[in-house]
Amino acid sequence: MRVLSSEVKDNVGKTVHIEGWLHKKRLLGGLTFINVRDRRGLVQVVIQDKDEVEKLRGLQIGTVLSVDGQVKEEPRAPGGAELHDAKLTVLVPVEAEPPIEIDKPLSHKPDNLDTLFEHRVLGLRNLQESKIFKIRSELVHYIREFMFKHEFVEIHTPKILAGATEGGAEVFKVDYFGTEAVLAQSPQFYKQIMTGVFERVFEIGPAYRAELSATTRHVSEVTMLDIEMGFIDAHEDVLDMVQDMTYYVLTKIYDQYAAELKSLNAPDLVLKEEFPRYTVAEVHEMYGKANNVDLSKEKDLIPAEERWICDYAKKQEGCEAVYVTHFPVEAMKFYHMVNPDDPTTVMWGDLLFRGLEIATCPQREHHYDKLVEQMKKAGLDPEHPGYKYYLQAFKHGLPAHGGCGFGIDRLVEKTIGLANVKEAILFPRDINRLTP
RNA sequence: GGGCUCGUAGUGAAGUGGUCUAUCACGCCUCCCUGUCACGGAGGAGAUCGCCGGUUCAAAUCCGGUCGGGCCCGCCA
């Protein structure tokens with residue numbers, strides 16, 4: 001019966017059987033320490049028998065083995081207990097030397113990221129690396145927790161589509177049994193359709209962007225949290241929901257994973273329950289004044305503004321997450337709702353965290369006639385199979401609704417304080433990486 | 001797509017015309033070591049300095065090209 005690393009300390013005095021990977025050898029002459037890694041962590045094993053030590057000669061980190069030994073309470077051991085009188089069984093001998101460090105922190109300097117990803121398969125066994133993805137897993141877990149608590153239904157929508165979805169982002173074309181299809185750049189249309197079924201839906205899944213972007217914040221395959229909620233009274237309902245969700249997951253991860261975040265040098269969390277909200281025009285003006293430039297003609301925020309406003313809000317308001325609202329109509333997509341009180345702006349807010357756009361949270365135009373009108377104005381064909389079925393949902397009644405596209409990779413990146421979104425992705429895909 | 005920038009053992013770095021027959025650390029191999037936990041000590045192997053061409057008496061170092069990265073901008077989330 002296998003005992004896991006975290007259970008060893010509960011078995012003092014007993015002989016236990018552990019299984020895992022050889023993670024570290026320290027030979028001190030008559031005494032050898034080895035660390036065995038399993039899914040919970042590490043166990044220290046003390047070996048004095050020369051024949052047992054000899055079993056590991058020539059075997060590298062990564063060797064799969066089992067150890068039978070007696071658990072001794074030992075204050076000098078990590079975790080307070082360790083295995084003695086160990087009998088080793090090598091299950092999978094590994095003679096190949098790992099091409100990258102497994103037991104010491106890996107370089108995340110920009111120039112070394114290529115090596116980091118090239119040796120990703122083994123580098124992920126590094127405990128510092130795997131910590132990133134454990135935190136990622138838990139963040140997603142807390143997101144689901146929040147969404148279910150608020151009666152959202154998790155959905156899964158197709159990623160192979162008949163035609164262009166939203167416009168804007170470039171799409172990947174694929175051959176679909178002889179006809180041309182595209183990879184979904186977002187579940188936009190399907191999640192809106194699904195508000196007609198469940199009112200509140202969310203999806204966590206991949207989205208594909210074919211942009212030729214080479215920056216620290218872009219990849220070709222992203223993991224998005226898409227939320228859509230119906231029967232909203234105002235756009236603020238959407239902003240509040242996404243804000244509360246973000247507050248919930250961030251405060252919870254900082255509480256539950258404090259030690260891990262600290263060991264990854266994550267910055268301290270500076271967050272308030274109510275995120276400061278600024279309009280695009282306000283940010284342009286504030287940033288312009290502070291930096292002596294005129295950005296009033298810009299339709300979107302420039303990256304430097306995103307960094308600046310988060311920094312500003314952190315210092316002035318004690319919150320490093322902010323909303324930027326009232327985007328100009330020039331930037332709108334056909335399915336956005338124009339602000340009824342000011343037709344020059346759109347009911348659209350972006351969530352920024354630690355200097356980066358994390359989510360975009362607009363209200364949708366839910367009136368069929370108005371939507372078709374906006375489509376035509378944008379030069380789109382309502383009869384195209386990419387739009388026809390989408391419009392059907394509106395024709396048969398969708399309530400006022402809105403939602404967000406929320407970048408999970410960027411959330412993980414910024415939560416941990418990584419410098420490049422790719423570091424938060426197991427096997428990142430970018431303009432020049434398709435493997436591993 | 002535009003601009004800038006980088007490329008030296010498996011990994012991370014130093015070296016910016018000669019003293020480089022290329023240095024250091026980690027990892028690897030051999031040996032010593034009974035409380036290590038980034039163990040310590042002695043020794044060893046491992047690099048045609050991304051590639052091609054040029055300048056020069058002399059190139060890891062300067063120049064041009066090329067290939068491969070990175071960062072910023074644009075686009076976008």
Side-chain angles (χ1 to χ4, degrees), chain A residues 23-35 42-50 53 57-61 72 74-80 82 84 95-119 122-123 126-128 166-171 185-188 206-226 298-304 306-307 331 333 348 350-353 356-362 404-411 413-414 419-422 430-433:
Chain A
H23 192 72
K24 186 69 190 174
K25 275 193 274 190
R26 289 191 193 87
L27 293 85
L28 277 67
L31 189 63
T32 294
F33 294 97
I34 65 168
N35 289 331
L42 300 176
V43 184
Q44 176 160 284
V45 177
V46 183
I47 312 169
Q48 299 197 48
D49 185 336
K50 290 265 191 292
V53 176
R57 179 176 290 270
L59 297 185
Q60 306 293 333
I61 284 175
K72 282 251 171 73
E74 172 55 73
R76 290 171 296 186
E82 62 191 10
H84 284 242
E95 287 175 14
E97 202 183 315
I100 196 159
E101 308 263 14
I102 303 292
D103 64 321
K104 293 193 177 69
L106 297 172
S107 172
H108 278 239
K109 279 174 53 179
D111 282 348
N112 299 331
L113 287 181
D114 196 49
T115 311
L116 187 71
F117 298 136
E118 189 55 34
H119 301 300
L122 299 171
N126 186 298
L127 296 182
Q128 285 295 102
E166 315 177 30
E170 288 291 321
V171 294
Q185 54 164 295
S186 102
Q188 184 63 37
Y208 301 91
R209 309 288 166 91
E211 253 96 39
L212 282 170
S213 298
T215 76
T216 53
R217 54 190 191 283
H218 293 95
V219 280
S220 315
E221 185 177 54
V222 300
T223 303
M224 299 284 296
L225 160 66
D226 273 275
E298 290 282 337
K299 58 178 187 177
D300 198 349
L301 300 185
I302 62 171
E306 295 181 348
R307 294 188 284 268
K333 291 179 181 163
W348 166 4
D350 270 4
L351 174 64
L352 273 46
F353 177 53
L356 185 63
E357 182 184 334
I358 296 291
T360 166
C361 317
C404 75
F406 190 110
I408 298 287
D409 311 300
R410 287 182 175 187
L411 175 71
E413 175 202 352
K414 285 298 166 184
N420 191 314
V421 70
K422 292 167 201 167
D430 65 27
I431 51 172
N432 36 35
R433 180 169 284 285

Are OP1 or OP2 of [N] and a side-chain N or O of [X] less than 4.0 angstrom apart?
X        : N      : result
A/Asn432 : B/rG69 : yes
A/Arg217 : B/rC73 : yes
A/Arg26  : B/rC39 : yes
A/Thr215 : B/rG74 : no

Sticking with atom [atom1], work out how far [N] lies from [M], rounded to a whole angstrom.
N      : M      : atom1 : answer
B/rC76 : B/rU16 : C1'   : 40 Å
B/rG17 : B/rA42 : P     : 34 Å
B/rA13 : B/rU19 : C1'   : 22 Å
B/rG53 : B/rC67 : C1'   : 14 Å
B/rC62 : B/rG27 : C1'   : 35 Å
B/rG46 : B/rC29 : C1'   : 11 Å
B/rU61 : B/rC49 : P     : 9 Å
B/rA58 : B/rU5  : P     : 29 Å

Spacing between [X] atom [atom1] and [N] atom [atom2], to the nearest angstrom:
X        : N      : atom1 : atom2 : result
A/Arg433 : B/rG69 : CZ    : C1'   : 10 Å
A/Gln48  : B/rG35 : CD    : C1'   : 10 Å
A/Asp114 : B/rG50 : CG    : C1'   : 13 Å
A/Ile47  : B/rC39 : CD1   : P     : 16 Å
A/Leu106 : B/rA13 : CG    : P     : 12 Å
A/Gln188 : B/rC76 : CD    : P     : 15 Å
A/Phe117 : B/rU11 : CZ    : C1'   : 16 Å
A/Asp350 : B/rC76 : CG    : P     : 12 Å

Candidate nucleotides [options], ranked by approach to the side chain of [X] - the nearest:
X        : options                : result
A/Pro110 : B/rU34, B/rC75, B/rC71 : B/rC71
A/Pro99  : B/rG74, B/rU34, B/rG10 : B/rG10
A/His218 : B/rC75, B/rU11, B/rC73 : B/rC75

Pick base, sugar-phosphate or nothing for [X], based on heavy-atom distances below 4.0 Å to the nucleic acid.
X        : value
A/Ala207 : nothing
A/Asn420 : sugar-phosphate
A/His84  : base
A/Pro78  : base
A/Leu27  : base
A/Leu28  : base
A/Asp409 : nothing
A/Val45  : nothing
A/Glu95  : nothing
A/Pro105 : nothing

Taking a pair as Watson-Crick or G-U wobble with both distances under 3.5 Å, which nucleotide is matched to [N]?
N      : result
B/rC71 : B/rG3
B/rC37 : none
B/rU56 : none
B/rG43 : B/rC29

Given protein heavy atoms under 4.0 Å, the one-letter contact record of nucleotides 1-7 of chain B, with B base, S sugar-phosphate only and - none, is simply B------
Between [atom1] of [X] and [atom2] of [Y], what distance do you get to the nearest 0.5 Å?
X        : Y        : atom1 : atom2 : result
A/Arg209 : A/His218 : CZ    : NE2   : 9.0 Å
A/Ile358 : A/Arg217 : CD1   : CZ    : 12.0 Å
A/Phe33  : A/Glu82  : CZ    : CD    : 6.5 Å
A/Tyr208 : A/Glu221 : OH    : CD    : 4.0 Å
A/Asp103 : A/Ile61  : CG    : CD1   : 4.5 Å
A/Cys361 : A/Leu351 : SG    : CG    : 6.0 Å

How about A/Phe406 and A/Met224: do any of their side-chain heavy atoms sit closer than 4.5 Å?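 A side-chain contact under 4.5 Å is absent here.
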With a 4.5 Å cut-off on side-chain heavy atoms, are A/Ile100 and A/Leu106 touching?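 A/Leu106 vs A/Ile100: side chains touch.
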When you match A/Glu221 and A/Ile302 each to their closest nucleotide on RNA chain B, which lands nearer the 5' end?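 Of the two residues, A/Ile302 wins.
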Of A/Glu74 and A/Leu116, the one whose closest RNA chain B nucleotide lies more 5':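 Closer to the 5' end of RNA chain B: A/Leu116.
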Establish, from distance only, whether the side-chain atoms of A/Ser107 and A/Asn112 form a donor-acceptor pair under 3.5 Å.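 A/Asn112 and A/Ser107 do have a side-chain donor-acceptor pair below 3.5 Å.
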Tell me the closest heavy-atom pair linking A/Asn126 and A/Glu101, and the distance in Å.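 Smallest heavy-atom distance, with atoms named: ND2-O, 3.3 Å.
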So does A/Thr32 get a backbone contact from the side chain of A/Lys25, meaning a donor-acceptor N/O pair under 3.5 Å?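 Between the backbone of A/Thr32 and the side chain of A/Lys25 there is no qualifying donor-acceptor contact (under 3.5 Å).
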I'd like to know if A/Glu118 reaches the base of B/rG10 with its side chain, counting only an N/O donor and acceptor under 3.5 Å.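 Side chain to base: no pair present.
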Could you list the protein-to-nucleotides 27-31 of chain B atom pairs, N/O on both sides, closer than 3.5 Å?
from	atom 1	to	atom 2	distance (Å)
B/rG27	OP1	A/Lys104	NZ	3.2
B/rG27	O2'	A/Glu97	OE2	3.4
B/rC28	O4'	A/Glu97	OE1	3.4
B/rC28	O4'	A/Glu97	OE2	3.2
B/rC28	O3'	A/Gln60	NE2	3.4
B/rC29	OP1	A/Gln60	NE2	3.4
B/rU30	OP1	A/Arg57	NH1	3.0
B/rC31	OP2	A/Arg57	NH1	3.3

Test applied, side-chain contact (heavy atoms from CB on, under 4.5 Å); reference residue, A/Val421; option that passes from A/Leu356, A/Val219, A/Asp430, A/Leu411: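 Only one option passes, and that is A/Val219.
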Output yes when A/Glu74 and A/Arg76 qualify as a salt bridge under the 4.0 Å nitrogen-oxygen rule, no when they do not.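 Here A/Glu74 pairs with A/Arg76 in a salt bridge, since their nearest N and O are under 4.0 Å apart.
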